[in-house]
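Reviewing the structure listed below.
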Amino acid sequence: MSDDGQPTTAAAGSDIEAAIRENHPALITYITAGDPSLEETKAYVEALDRGGADLIELGLPFSEPVAEGATIQAAINRALEAGTTQEGFFELVDELETEAPLLVMTYYNMILQYGEATADVGPFVERAADAGLSGIIVPDLPAEEADPLRTACDDHGLDLVFIVAPTTEGERLDRIMSQVSGFAYVQARLGTTGARGDVSSATHESLARLAEYDVPKAVGFGVSEGDHAAEIVEAGADGVIVGSALIDIIASSDDPVADLEAKAAELKRGAVRGGESLTNDVEDAPEPEQP
Amino acid sequence: MSDDGQPTTAAAGSDIEAAIRENHPALITYITAGDPSLEETKAYVEALDRGGADLIELGLPFSEPVAEGATIQAAINRALEAGTTQEGFFELVDELETEAPLLVMTYYNMILQYGEATADVGPFVERAADAGLSGIIVPDLPAEEADPLRTACDDHGLDLVFIVAPTTEGERLDRIMSQVSGFAYVQARLGTTGARGDVSSATHESLARLAEYDVPKAVGFGVSEGDHAAEIVEAGADGVIVGSALIDIIASSDDPVADLEAKAAELKRGAVRGGESLTNDVEDAPEPEQP
Amino acid sequence: MSTSDHDHDSIRERDSEATFGDYGGQYVPEALMPALQELEDAYERYVLNNEDGFMDEFRERMRDFGGRPTPLQRADRLSERYDREIYLKREDLVHGGAHKLNNALGQVLLAKYMGKERIIAETGAGQHGTATAMAAAHLDMPCEIYMGRTDVNRQRPNVYRMRMNGAEVNPVDAGSGTLKEAINETMRDWATTVERTHYVIGSVVGPHPFPKLVRDFQAVIGQEARQQIQQQAGRLPDSVVACAGGGSNTMGTFHEFVPDDDVSLYAVEAGGSSLQIDEDEGVAPNSATLSTGTDGVLHGAMTKLLQSEDGQIVESHSVSAGLDYAGVGPELSHLVETGRVTPVNVGDEAALNGFHRLSNLEGIIPALESSHALGYLEEQHEELGDLVVVNVSGRGDKDLETVLEETETRDLEAAPDVEVFDS
Amino acid sequence: MSTSDHDHDSIRERDSEATFGDYGGQYVPEALMPALQELEDAYERYVLNNEDGFMDEFRERMRDFGGRPTPLQRADRLSERYDREIYLKREDLVHGGAHKLNNALGQVLLAKYMGKERIIAETGAGQHGTATAMAAAHLDMPCEIYMGRTDVNRQRPNVYRMRMNGAEVNPVDAGSGTLKEAINETMRDWATTVERTHYVIGSVVGPHPFPKLVRDFQAVIGQEARQQIQQQAGRLPDSVVACAGGGSNTMGTFHEFVPDDDVSLYAVEAGGSSLQIDEDEGVAPNSATLSTGTDGVLHGAMTKLLQSEDGQIVESHSVSAGLDYAGVGPELSHLVETGRVTPVNVGDEAALNGFHRLSNLEGIIPALESSHALGYLEEQHEELGDLVVVNVSGRGDKDLETVLEETETRDLEAAPDVEVFDS
Ligand SMILES: Cc1ncc(COP(=O)(O)O)c(C=O)c1O
Ligand SMILES: Cc1ncc(COP(=O)(O)O)c(C=O)c1O
């Protein structure tokens, strides 16, 4: 909350919002910390930063990743098997010096358990701020349960990013959009994370539905190619979020550092292409319509 | 029934009663027809006849021999596997010319099924009489169910032998003893047929209980040696019945014909010995007592 | 050959209490007769006259321990399928999974009232054995179960259940090592130990008074069902359908309806794979005793039997172990003879389809025995009138393995593809 | 670490309907929130307010299809053994063999009232999956069950039962392939298909309103038991004992007794082989969540958990598959925190002995889950007062194989020698 008690609509002046507005249309990348080791994660993050990522989400692995599809589940398993701990994660962040601001993406139990006291979110947020993280995304924390974490984030100057799903509508949508800080994470389709071959019609519908809110919107869940990025930006997004497609590279490439950098560049180019076609041809934007 | 409607107590003048009274104390032998073949049965019967059997029971095998122990069950199985049929059985009896009268021992269903009509005892009894059999023993036909068969037996001049068990007492015992023809088959002990190593105390009790009835009594179930025969005759029996001990010989001897003849002789000697000691020392007979 | 061709008066004239028309009686070794008389006496005192509150205690224990009453359930999807009202009597919900406990508990309790110290019983697939073992444990009576060696080996879970309930299990090696041999051996034990032992026979078979005793303990099925159908459907059913092996669930279901002349009664036997007896092999590939059997004496009673022309009992065969018996209760033979009960049968495949159909449509996995009644419903529902009661005598958990095996080798219309692929 | 050391107000301030003191809530992906709100609405209308006669239909179906009421049975031999009155609530007699159907049928019926077209559920050992498959078949709803690959392979009979009831079974390859992974995967399906699908959760766990919904469907256990004990023993019990995995039979049994301050409530968890967590392996050799767990969020709710210091959920272990879960219902966590419910636990051996003891003494083969309650009874009966109700949550047929294996490797005081020698 801002000092006057009004919701900090896209907390004006936050690193995150700035990164999106300044690099519009923005590329946001996700990889899982510790997959396959924290050292390698460091190199991958730097590659993404070089490739053109404007914001970088780092996953802090949790054993029960209910919102993830098979690709990220596997990454999390690899990270946990490699012995990734909360403290190890924060030490990695301590070391990272990227141009793009960093966010942590993790499940709520991880936030509750950090530090001595069970079920207290304060220590985690404090440590995150100390490490230089700019924001937090929690896929199993809907707005209704977010008060304690939002309070702590506000206290430590971190953004708390909310996810908006295809099923989020009406009054709840209003309430969530009024609480967004950093950006609204627009879930491209129902289901879990995971690279898909197309952009779902739900993405267009969601962006249309959100058009009226003056909040940066980034679309994730299924984005894997430059062309998707272009299409999504053209449909009104301020950024695209890519995760599984990058993890596929980590899992299978012979030279992940180079390939990650190249992939980031491709995606960024796609986003930019979408932004340009939008400026040229603003009439093509689809009409807002309710599904 | 005799013509005057009185029960034919030990049908005076029957072959069977005569065989017992004339050869007192009598040896009654049982083997299963068709074990291991009807031809061999013929030789075995002749051997027993030579050895001193005064009455010969021939088992007509039935698939569910509930009153038999393991030895006779096995004999019946061998006989059935050898394909022994009712008609085959009767043809064997047709051929046999023994000094000792022959009885058939079989289960009631066999008697019901013989001939065209189901559940009619007439044809079996008629055929049995034609073949020269002198009597019938049916281990699963208590006196209460015996009317039809007794009528048929009377019609054809056959004895119907009843079994008296250790549990047969009081009024039922009176009724059964009044209906006995040929002899009373005194079951030596509770349970099934089968050679045993001793003479049960139930045998002594039963013979004491039956002493008052003027009917020939032969004891079976477990008798296997000359000494048993002696003890049983000494205890008041008019004869001993031996089955499983003979079937053991058939199943295992290298020369069953000779061994059966010898065994019959041993048993007969034992019976006679018991009879002699009884005449010499009549005071030793146990007092009749109710258990 | 049917009895009506013959004059049975010549062979049964005794005490009519012991018989049902031409059937029944007491064809047992003499040694057992006093025990049967003792049992007749106990039956009359405790069961018929509720002496010492025996029947009250029985009913109370069947409620608290056994789970009675069982529901009469309208089967919505079967009713729709057959375009008539189908009600299921849910004996599968009785403790132990079948109607068998009604009888087992009744007899073990009776043995206790009679002062007996030991229980013996035969079992085929293990249903009656497990029910008896449960009842004996509940009433703290030592218990031994005879079971054919073949059955012991193919019904291990039921063997273990009996052992866990504290019963001894005595394998019987004779013959083909199945039910018939187990009964023979139990009768032999009884003939040896009769003074202190009660033989808990598993169906409405055996010598008088067993067929009546077992029927009366099982009659609760029909008593409940008759009342329930009147409450729920407002009238008596047009027909009542039950499977028949020995016939205990059958008589238990029918007994209360026998006086209702307008209610048709169908006893569904196992047609197996064929109705023909193979005389050479001594084998009937079915156990359709009421439909195809001839009169004779087996295990203590005059009844209909599967036998060779020479009088040997043949081996029956059915995919359902509990129906796999060459005899049948004498009272059922009588009711069939008088026309009151209609004997019908369906084969293994119809039963398997019946099993799958009820599982799939109603969420009830029936015993393979009961599945015969459901197979008949499928085949002949048009003859059954507008309101039908079917007895589901037991649950089918025990039959899963058999059904899987039998389903694999056939192309069954009602069977799902059960495989879940392996990693 | 116990919650009483901490101030939860800071993290839970919302709508108290969604919480039980510090526990409960709705920690789920945003995409599911509208479905939870829809479910809350349906819960209030149909369950709380019996709109359209929902609860009437539920109760009628639980009677006719499910076999309710179940008896409360005086256990004669246990009462003698423990020198106090022991009564057993017989949920083993519910259709399907456990209390699970109470909830599954309630939820499938509710889904139908809500206009949902498809049912999904998770299952561990298969008990909840088979109950859901039965309910879905009965109510003609398409149904898919998620089950860990390991569980699929070791619980084949239950897989086949589900298939026979027409349900799809989807093996889950992730992680150790057991319950936790199956729940995760079901939530993922739900997050994808939420608009037309209802997720039938299997215990009093998950996000609001599931813990209340499931509790209310299961509360029939305690409602019946409370009335029955008063009728049969003339008063309320001194204590009520139930096993606790997720806690649905527990809450179902306790709920009605919670206001009765003089009735002690014991939740018996699986002590497994040890109460210590192995942090290195991420394994708890028990599932004694209420006794040893710490607060956290799992599967949608704040509750007590088995977790590492770093916040990872550990693998729980128990000889009883149905108790083998790292979480527990939030309401139970709350009732333990407030002191109303006493959390206790017994290990694998005590449970196995409890299994054998009830089988042998009472003729009831209990589920291994329920056997924990019986194990506690043996160990601590002196603390339970003169009149004790124990919930027998299910039957043990499903556990035979496990019990045989586990018995073989131990020297159990209550186990019979189960071998019947082979020919
Ligand atoms: C479930 C079930 N139904 C029926 C039967 C057949 O017996 P009866 O005909 O005596 O009811 C059995 C026998 O084991 C059975 O287990
Ligand atoms: C018979 C039985 N009891 C208890 C449980 C534990 O579940 P809950 O604690 O939710 O009752 C299960 C779970 O499968 C079960 O099958």
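Per chain, numbering begins at 1; letters A, B, ... match sequence-line order.
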Bottom line for D:Leu93: the part with an atom under 4.5 Å from chain C's heavy atoms is both
Checked C:Glu401, C:Met147, C:Glu60, C:Arg161 vs chain D; the most non-hydrogen pairs under 4.5 Å come from C:Arg161
Turns out that what part of C:Arg68 lies under 4.5 Å from chain D's heavy atoms comes down to neither
d(C:Arg77 CZ, D:Asp140 CG) to nearest 0.5 Å is 3.5 Å
Under 4.5 Å to a heavy atom of chain C? For D:Gln232 that would be side chain
Review point. Is there a donor-acceptor contact under 3.5 Å from the side chain of C:Arg90 to the main chain of D:Phe65?
Key: yes
ask   = With a cut-off of 6.0 Å (strictly less than), are more than 12 heavy atoms of other residues, nucleotides or ligands near CG of C:Asp83?
value = no
Exactly one candidate in D:Arg156, D:Met164, D:Arg163 meets side chain to side chain contact (heavy atoms under 4.5 Å, CB included) with C:Leu404; the answer is D:Met164
From the list D:Thr130, D:Thr70, D:Leu72, D:Ile364, the residue making the most non-hydrogen contacts under 4.5 Å with chain C is D:Ile364
Nearest heavy-atom approach of C:Ala137 to D:Ser359 is CB-O, 4.0 Å
Are any of the side-chain heavy atoms of D:Arg74 and C:Asp64 separated by less than 4.5 Å? no
Discussion item. For C:Glu408, I'd like to know if atom CD has over 12 heavy atoms of other residues, nucleotides or ligands within 6.0 Å.
Written reply: no
When you measure from the side chain of C:Asn360 to the backbone N and O of D:Asn165, does any donor-acceptor pair fall under 3.5 Å? no
Cut-off 4.5 Å, heavy atoms of chain D, and the answer for C:Asp417 is both
The single option from C:His138, C:Arg63, C:Arg61 that satisfies side chain to side chain contact (heavy atoms under 4.5 Å, CB included) with D:Gln73 is C:His138
### Message
Could you check whether atom CD of D:Gln227 has more than 12 heavy atoms from other residues, nucleotides or ligands sitting under 6.0 Å from it?
### Response
no
Closest heavy-atom pair, D:Pro71 versus C:Gly67, reported as atoms and distance to 0.1 Å, is CG-CA, 3.9 Å
